[in-house]
Structures are given as C-alpha cells and as structure tokens.
Amino acid sequence: MRTTFDMLLSPIEVGGRTLKNRIVKTAAGSRYWSSEGFVTDRVKALYDKISQGGTALVCVDTMSFMPWGDAKFTMGGVFDDKFMPGLKELVDLVHANGALVVGQLHHPGPADFTDPVGPSALTDEEMPLNDPVPRALSLEEIEIMKKHYFAAVRRLVEAGFDGVEVHAAHSYFMASFLTRVWNKRTDRYGIGSFENRTRLPREIMRGVRANSPEGFLMGVRFNGIEFGHERAMTIEESCQIAKLFEAEGVDYISVTGEGFGRMLSPMLYLPVDYFPYPEPDEFMKPYMKDFEGEGTLIPAAAAIKQAVHVPVVCVGRLDEKKAEIILSEGKADLAGFNRALWADPEMPRKLIEGRPEDIRHCTRCGTCEGGGKIATMGPRVCRVNPALGRYDRDPKPAAVIKKVVVVGGGPAGMEAACTAAACGHEVVLYERKSRIGGHLPLASLIKGSSLDNVDAILDHLVHMVDKLSITVKTGVEATAETLVVEAPDAVIVACGGRYEIVSPKGATRRNSTDVDKLQRMSDLPLRLFGASFVGAASKMLLPGVGNNVVVIGAGMPGLQGALWLKKRNRSVTVVTSGEEVAEQMPPRYRNRLLPWFEKNGVEVITGVSSIELSNEKATLVSKAGTRVVACDTALSLPGMSAARELFEAVRALGIEAHIAGSARDDGNDLIVDAIRDGREAGLAVSSCDDQDC
C-alpha cells in the first residue's frame with residue numbers, strides 16, 4: 001500500500017480554476033443549520049476547520065432553494081435574501097483558509113418526510129413502509145421549482161461562492177427524474193429517452209450558466225450506478241447521461257450511487273457503507289469484491305471518466321491510501337471525502353506534512369447517521385471526533401501546567417490522557433491490565449473490522465499516547481492511596497463502569513457465562529494473536545458456549561453478541577426485561593439487523609421478568625406468558641452502570657477530580673460516550689477552578 005501521496009496532493013485545473021490538491025469535501029447534511037435555515041456557529045466551525053485542514057474544494061451541504069415545511073433535520077436556506085449575511089461570512093471563512101467553496105442546492109424530492117414529490121406518483125404497494133408516498137409534480141410545479149433554483153444561484157454568486165453543484169444524486173429531486181425506479185412519466189420529462197430523462201437537470205444547468213458570471217464553477221453529482229431494482233440505472237446508462245451533462249458545460253462530475261430494497265422500501269439508501277451488514281442481500285453479493293477492494297462505486301467512476309473529458313470525482317469508503325491508488329491508476333481525477341473529514345478535518349494537512357500515521361480515521365460505525373440517538377435526525381455526532389462542528393472541544397495550550405493522573409486505559413482514559421497532554425500537561429496513565437485498550441480488543445473481536453472498524457480507534461489512541469510521551473503504568477490497580485503517592489494536581493477517573501450481570505435462577509458454571517468471563521477468557525488470546533485470528537479461530541472452537549444460547553440483554557452488546565454467535569452456527573434467542581430493542585444502535589445497522597434476525601431464526605423476546613435454567617432449557621416468564629426454549633448456555637451481555645467510588649474518594653482527599661466514560665453514569669457505555677467524555681475531562685483540567693473541582 002502506498003505511503004506517499006504525490007497524486008492526491010498534486011494540483012488540478014477545474015473549470016479554469018486551480019485546486020491546490022485533489023481532495024474534495026463532498027456535501028452531506030450536517031444538520032447544523034438553524035431551524036429557519038440560517039448559518040450557525042456550528043456550520044461555520046465545520047467548514048472553517050475542514051478548509052483549515054487543507055481540503056482544496058469544499059462543497060456545502062443541504063442548501064435548500066425552496067422553503068420547506070416540517071422536517072426531521074435542518075437545512076440551509078438560500079431561498080431568501082435574509083440568509084445572505086451568514087452565507088457571506090461562511091464563504092469568507094473558507095476563502096481565508098485558501099479553499100474554494102461551492103454550494104450544493106438541495107430538495108429531498110421523493111425522500112421528503114412530509115411532502116414527498118417526484119416525477120411520478122408511487123403506490124402503497126410499491127412503498128409499503130413509507131407514509132406518505134410520493135406524488136407526481138405537475139409541469140407548473142416544475143417551472144416554479146426551476147425559478148426558485150435560479151434565484152438561489154444568483155444568491156450564491158452574490159455571497160461569493162465559487163460555484164454550484166447540481167444535485168442529481170441518490171433519491172432526491174433531480175435524481176428521481178433520471179432513473180426509471182422513480183420516473184414513469186410519458187411527457188417531455190419522461191423516461192422514454194435519455195434526452196427526456198435528463199431534461200430537467202440540463203434545463204437547470206442552462207439556467208445556472210444564464211444566472212452566473214464567467215468562471216463560476218458548475219459541477220454535477222449523480223448516480224453512476226444503482227442497485228436492487230429491476231429498473232435501476234446501470235453504468236452504461238450513466239455514461240450516456242454523463243456525456244449529455246458534459247455537453248451542457250459542467251466543470252466536473254461527482255459520481256456516487258444509490259440502492260433500493262425492501263427494508264427501507266424503496267430506499268436501501270447509500271449501500272456502499274452498510275450493505276454487507278449483517279450479510280449482503282443476494283442482489284448485492286456480486287459487488288462484495290469491489291466493496292472489499294477499492295470501493296463499490298469506483299467501477300462507475302472509472303467508466304464515466306473514460307466517457308467524458310471533464311474531471312471526475314470518486315467517492316465511497318475512501319481513505320487516503322485507496323484514493324491515491326485510484327487517482328494514480330487514472331480511474332478518477334479527484335477524491336471526494338465526507339465522513340473521513342468529519343473524523344479528521346486535518347487529514348489533508350497531515351498528508352502534506354508527511355505524518356499520515358496521525359490521521360484519525362472514520363470507522364464507519366454509523367453513529368453520525370442518528371445524531372447519537374436512534375430515533376432522531378439531530379446534529380451530526382462523530383464517535384471518534386468529539387470536536388465535529390465545534391470550536392470549544394479543540395485542545396488549547398494551558399495557562400497553568402499540571403501533573404495529571406488518568407486512571408483507566410480504555411477509550412475514555414486514552415482520549416482524556418491525549419487531550420490533557422495536547423494542552424501541555426504532564427500526564428501519567430494507570431491501567432490495571434497488562435496493556436492499554438480496555439474493552440476495545442473484545443469489541444473488535446465481536447464486530448470485526450470490515451465495517452465498524454474498532455481496530456482503527458485502538459491503533460490511533462495507542463499511537464497518540466506514545467507520540468505525546470504519556471507515561472503509562474500498566475499492571476497497576478490505582479487506589480486513592482496510590483494516587484496520593486503520585487502527588488497529582490488533577491486526577492481523571494476513567495476506570496470503567498460495572499456490567500449489570502443477570503444471573504438466572506439455576507445458573508451454574510456449566511450452563512451460564514457473562515461478558516466479564518468472556519473478557520477474562522479472551523484477554524490472553526487477543527493479546528497474543530489479535531482479534532482477526534481469534535475471530536477466525538472461534539468459528540471452529542468456542543469453549544464454554546453451547547449450541548443453544550440464550551443471550552440476556554437486547555442493547556448493543558446483546559444484539560452484536562447474538563449476531564456473532566449466530567454466525568458461529570449457534571441457535572440464539574435474545575431476551576430482555578425491557579420493551580426496547582437496540583435503542584442505541586445506529587439506524588443503518590439496526591434496520592438491517594432486526595430483519596436479518598427474523599429471517600435467520602433469532603427470536604428477540606421482550607418484557608421477560610424471570611429466567612430459570614434447568615435440563616438444558618430456559619423457562620422464560622413475561623407478560624405474554626411462560627415460554628420454554630432450548631438453552632445449554634445463558635450468556636449475560638448487559639450494559640454498564642456507574643462506578644464512582646474512586647472518583648468520590650479522590651475528591652474527598654481534596655484533589656481536583658474529573659470522571660469520564662462508563663464510570664460516570666449508568667448507560668454511558670458506548671465508545672462515542674467514552675471518547676466524548678474523555679475529551680471533555682482532558683479539557684476541563686485546563687479550565688478548572690480549584691474551588692469548583
């Protein structure tokens with residue numbers, strides 16, 4: 001794999017403008033705009049930091065050219081002059097950092113939550129999970145939308161934007177006219193010919209040119225390939241469409257893709273990250289080789305590059321190494337990143353400065369999809385970057401240097417130690433085990449690394465602990481007495497919480513186990529051989545776990561554990577005393593996992609008030625009555641509760657104390673919680689008034 005990035009960092013001309021490198025921040029809804037559509041401090045922080053980090057071309061997200069009604073997430077307004085002051089401030093920030101900025105004008109079209117519209121009306125049978133279903137736009141409505149669009153272009157010009165990206169991708173407004181999945185029209189916008197199905201985007205492109213000055217960039221983003229529907233767009237079709245767009249004078253083409261399927265009917269929605277979880281649908285299995293290689297969407301980008309002469313942007317699960325290879329092989333001209341730059345806005349600068357090992361990589365966990373809560377579409381949250389869209393969570397030089405002792409070498413402790421050290425403090429990290437990492441190695445074993453790559457978190461934090469010269473003391477159980485001897489100015493307690501282990505009636509060493517026992521049992525093999533080897537070996541040998549397993553717990557640990565066991569040919573039943581199932585699991589994963597469980601015979605039983613084990617069976621009592629299921633192993637995989645004793649003991653000694661991660665609060669046990677808390681605790685050391693800490 002390449003370690004130099006000469007192609008990725010080389011300049012390129014796009015539409016007569018020179019980009020300083022080939023890194024593009026692609027548009028994706030940040031949900032940081034105000035509810036009315038105004039630029040907020042978080043919008044400014046997001047794009048300020050990304051452009052500071054060295055990205056050459058920044059594409060601003062979800063800029064609506066029309067007013068909207070009720071929406072589950074916020075969008076940027078470009079449909080009224082009242083938004084102009086904020087837009088100008090945003091552009092000035094990006095320009096001051098040496099980047100070009102384009103606005104992607106957006107309308108959700110058939111994907112709208114409240115008033116979905118598209119080229120054609122679809123039926124309840126076609127979209128059984130959607131309410132309401134899309135209605136067809138009239139010719140008059142299309143003309144009104146075009147006028148709004150051109151007015152928004154004029155505002156972008158006045159605000160100082162360098163260009164506009166015509167958004168004809170995914171399942172949104174203009175994309176729905178391009179694909180036969182949505183378009184059933186027979187008029188001049190119908191699906192009868194390439195000229196007709198591209199007519200609306202091409203009319204928009206002509207209007208952009210008519211309403212903008214010479215040198216104003218015009219790009220287009222559209223689906224180079226679609227999956228999972230008999231009328232989905234093929235690469236061959238997209239090449240023909242790309243030629244028509246080129247003829248309209250676009251300056252670049254950004255190639256993405258879209259999927260359609262039963263589970264989010266009709267939108268599988270951006271399958272390039274999530275379709276293999278928990279296993280790919282039959283129609284996606286032919287694309288696994290691309291997924292595991294350069295990326296599912298790269299063949300489409302490469303084909304379109306051969307069909308046109310303007311620069312082509314490739315996207316989809318890219319990191320800097322894949323991008324360098326793809327560009328060097330001539331499969332695209334520019335590399336588009338979104339979540340990679342959410343995870344580390346300084347990624348380009350780290351490449352420029354020759355320190356790629358410092359990059360904090362996106363792990364494809366899906367946390368950003370739900371804003372940290374499964375049922376919300378709130379502001380984006382990044383598991384590995386707590387400072388996403390914020391200025392106040394960046395480490396800054398401390399006015400007073402302190403000796404800081406951090407207790408606990410898991411993600412909360414490592415992040416706290418690194419943050420405090422980055423502020424200039426002297427840091428000592430205590431870990432009772434023989435190595436730092438906490439539960440991350442076990443999480444990596446259960447999750448693997450091809451999708452949610454926990455290994456990337458562990459590798460980065462361990463690297464930064466070493467780079468920041470943090471003193472690490474392993475194999476030491478930190479107590480209040482130990483800490484007094486260390487004589488710290490401040491202590492951060494991040495030693496982890498307690499698992500609320502459920503021990504069923506009739507439990508014995510032979511018929512029950514739990515996460516603590518699994519952790520102890522796997523610790524040595526993971527340390528010696530790594531998660532990948534142990535994961536492969538466990539498919540052949542899994543000591544202490546029988547063939548019929550009842551998993552106790554339906555949170556993230558329980559469902560991930562159930563999936564792991566099912567893939568090792570165990571018969572699995574999941575039980576929980578509550579009514580909620582995987583409440584904290586990111587929706588992209590949850591929405592695929594639960595139907596897979598149903599298809600593969602993994603039953604999830606809620607409201608279970610008691611469990612009794614006997615004779616290789618489990619008797620379950622719930623509101624629905626009494627059930628008996630086969631069970632030779634009951635496995636308790638619960639969440640965590642707080643463990644604040646050490647924190648309180650340190651405070652009682654009069655030492656400045658902070659607490660982070662699962663030790664702090666019940667249910668505060670996800671990796672995103674740990675890294676967020678660790679960052680805040682590390683920063684709090686610098687800002688803490690001794691009278692208040």
Side-chain angles (χ1 to χ4, degrees), residues 45 48-49 52-54 97 343-347 349-350 352-360 382 384-431 436 457-474 476 478 482-495 647 650-651 653-661 664 674-693:
D48 187 16
K49 291 167 76 170
Q52 278 182 18
N97 295 323
D344 196 338
E346 295 186 332
M347 179 264 281
R349 188 158 308 287
K350 290 175 181 178
I352 293 166
E353 295 174 356
R355 48 191 186 97
E357 68 279 1
D358 290 352
I359 294 172
R360 183 175 53 241
C382 179
V384 299
N385 179 17
L388 179 65
R390 300 183 63 151
Y391 290 115
D392 61 329
R393 287 183 177 170
D394 283 330
K396 299 174 180 64
V400 178
I401 304 304
K402 299 178 181 179
K403 180 179 180 180
V404 181
V405 173
V406 179
V407 180
M414 288 189 287
E415 180 68 26
C418 290
T419 302
C423 293
H425 299 294
E426 175 193 350
V427 182
V428 180
L429 177 62
Y430 274 79
E431 168 54 45
I436 56 177
I457 302 173
L458 179 60
D459 292 345
H460 176 73
L461 288 172
V462 170
H463 165 72
M464 294 308 298
V465 165
D466 180 64
K467 179 163 185 167
L468 292 166
S469 301
I470 294 167
T471 300
V472 179
K473 297 185 178 182
T474 56
V476 180
T482 307
L483 298 177
V484 168
V485 173
E486 194 69 58
D489 298 302
V491 173
I492 299 173
V493 176
C495 54
F647 169 69
V650 172
R651 284 213 302 185
L653 292 170
I655 301 172
E656 177 189 326
H658 308 271
I659 189 167
R664 184 173 70 102
I675 295 178
R676 179 202 63 231
D677 283 3
R679 175 67 63 92
E680 292 179 351
L683 294 175
V685 171
S686 296
S687 60
C688 184
D689 182 334
D690 288 341
Q691 294 179 347
D692 298 325
C693 296

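The shown structure was predicted, so the numbers you read here are calculated from the model rather than taken from an experiment. When a residue number appears, it is its place in the shown sequence, counting from 1.
In this structure, Glu353 CD and Glu346 CD are separated by 8.0 Å, a value rounded to the nearest 0.5 Å. One finds the CG atom of Leu483 at 8.5 Å from the CG atom of Leu653 (value rounded to the nearest 0.5 Å). Note that the OG1 atom of Thr471 and the OH atom of Tyr430 stand 10.0 Å from one another [nearest 0.5 Å]. With values rounded to the nearest 0.5 angstrom, His463 atom NE2 is found 8.5 Å from Leu468 atom CG. Summarising the geometry, atom NE2 belonging to His658 is positioned 4.0 Å from atom SG belonging to Cys688; distances are rounded to the nearest 0.5 Å. Note that the CG atom of Asp466 and the SG atom of Cys418 stand 10.0 Å from one another [nearest 0.5 Å].
Side-chain contact check for Glu656 versus Val685: some heavy-atom pair is nearer than 4.5 Å. Looking at heavy atoms from C-beta onward, Arg355 lies in side-chain contact with Glu357 at the 4.5 angstrom threshold. Considering only heavy atoms from C-beta on, Ile655 stays 4.5 Å or farther from Val405 through its side chain. Counting heavy atoms from C-beta on, the side chains of Val428 and Lys473 come closer than 4.5 Å.
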Pair Asn385-Asp344, side chain to side chain donor-acceptor pair (under 3.5 Å): steps then yes or no
CA-CA 7 Å; Asn385 179 17; Asp344 196 338; over 6 Å; no

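Between the side chain of Lys402 and the main chain of Ala490, no donor-acceptor pair closer than 3.5 Å is present. With hydrogens and angles disregarded, a donor-acceptor distance shorter than 3.5 Å links the side chain of Arg679 to the backbone of Arg393. At distances below 3.5 Å, not a single donor-acceptor pair connects side-chain atoms of Glu415 with backbone N or O atoms of Gly678.
Minimum interatomic distance between Lys403 and Ala487 (heavy atoms only, all atoms of both residues): CD-O, 3.9 Å. Of all heavy-atom pairs spanning Val407 and Ala478, the tightest one is CG1-CB, 3.7 Å. Summarising the geometry of His425 relative to Val400, their closest heavy-atom pair is CE1-O, 3.2 Å, with the distance given to 0.1 Å. What you find for Val384 and Arg360 is that their closest heavy atoms are O-CD, 3.0 Å. Residues Ala387 and Lys49 come closest through the heavy atom pair O-NZ, 3.1 Å. Looking at every heavy atom in both residues, His460 comes nearest to Ile359 through ND1-O, 3.5 Å.
Between Glu680 and Arg664 there is no salt bridge, since no side-chain N of the basic residue sits under 4.0 Å from a carboxylate O of the acidic one.
Of the candidates Asp489, Ile492, Ile470, Thr419, Ile492 is the only one forming a side-chain contact (heavy atoms from CB on, under 4.5 Å) with Val404.
Not a single salt bridge (charged side-chain N to carboxylate O under 4.0 Å, His left out) links Glu426 to another residue, sequence neighbours left out.
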